[in-house]
Amino acid sequence: PQPTLDGLEAAIDDGMIGAEARLNIYRNNFRLSLTGGMASVFPAAEAFVGTEFLKAAIRHFVVSQPPAEPRLHRYGASFADFLAGFAPAAQVPYLADLVRVEWAMHDLQNSAEDPVLTPAQAHAALAAGRRLMLSDNVRLIDSRYPVVSLWLAANGQIEPEAVGMAGEGGAGAVGLA
């Protein structure tokens, strides 16, 4: 029989569950929450490596790099760098860069949208000799792998067979429109 909530409360009140065990329960729930939250940011990566692998990698990340700030939507920014050095991910060499693409999308979704120039305004600025800068609404991803095509395939927007892995890397842009 499964213990009831009343039984659990009694065990805690009676001291049957010690402080260390209670902290372990909290620690486990904290790690599970971070793992689930991060996994939801990387569905394309999950499509390529599977739920079990992705969550295992995230659990290793969570243990090695706990959150440093209270804004959990920022947690995971260094996951791609972690994956680049994570030995079990070595057999999926494009995984870290694919995670960079997905993190860029997540980051942009949680960022304030900056005003951008219209094409006419940009043309006028260039004609006046002004230098233009890339908007904060854009993230560039440089990869040896075709990570934008991989992302499109993982999301069903192109056929996986359409992705050529040989010599198709380069820069990709992720923008907030």
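Note that the structure is predicted; figures quoted are calculated from it, not measured.
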Quick check: do [X] and [Y] have side-chain heavy atoms less than 4.5 Å from each other?
X: K55; Y: E46; answer: no
X: F48; Y: P160; answer: no
X: F53; Y: P88; answer: yes
X: F42; Y: L98; answer: no
X: L32; Y: N28; answer: yes

Query - For R74, side-chain hydrogen bond (donor to acceptor under 3.5 Å, both in side chains) partners two or more places apart - result: D107
Report task. Mind checking side-chain hydrogen bond (donor to acceptor under 3.5 Å, both in side chains) for R27 and listing every partner two or more places apart, or none if nothing turns up? Result -> N24
Separation of [Y] [atom2] from [X] [atom1] (nearest 0.5 Å):
X: L108; Y: W103; atom1: CG; atom2: CH2; value: 11.0 Å
X: H60; Y: L83; atom1: NE2; atom2: CG; value: 11.0 Å
X: I141; Y: R100; atom1: CD1; atom2: CZ; value: 8.0 Å
X: F61; Y: L54; atom1: CZ; atom2: CG; value: 12.0 Å

Query raised in the report: Near E69 CD, under 6.0 Å, is it more than 12 heavy atoms from other residues, nucleotides or ligands?
Result: yes
**Report entry** Crowding at CD, Q91 (>12 non-hydrogen neighbours, <6.0 Å)
**Finding:** no
Minimum heavy-atom separation for [X] and [Y], please, with both atom names.
X: A44; Y: N155; value: CB-ND2, 4.1 Å
X: Y75; Y: L34; value: CD2-CD2, 3.9 Å
X: V163; Y: S149; value: CG2-O, 3.6 Å
X: R144; Y: D97; value: N-OD2, 4.1 Å
X: A96; Y: A84; value: CB-N, 3.9 Å

**Report entry** Apart from L132 itself, residues in the same hydrophobic cluster as defined by side-chain heavy atoms under 4.5 Å
**Finding:** L117, L126
Query raised in the report: Under a 4.5 Å side-chain heavy-atom rule over Ile, Leu, Val, Met, Phe, Trp and Tyr, are V92 and V99 clustered together?
Result: yes
Query raised in the report: Does any N or O in the side chain of S78 come within less than 3.5 Å of the main-chain N or O of D81, such that one atom is a donor and the other an acceptor?
Result: no
Query raised in the report: For H73, does its backbone N or O pair with a side-chain atom of H106 as donor and acceptor, under 3.5 Å?
Result: yes
Query raised in the report: For the residue pair F79 and F82, does the interplanar ring angle fall in the parallel (under 30°), tilted (30 to 60°) or perpendicular (over 60°) class?
Result: parallel
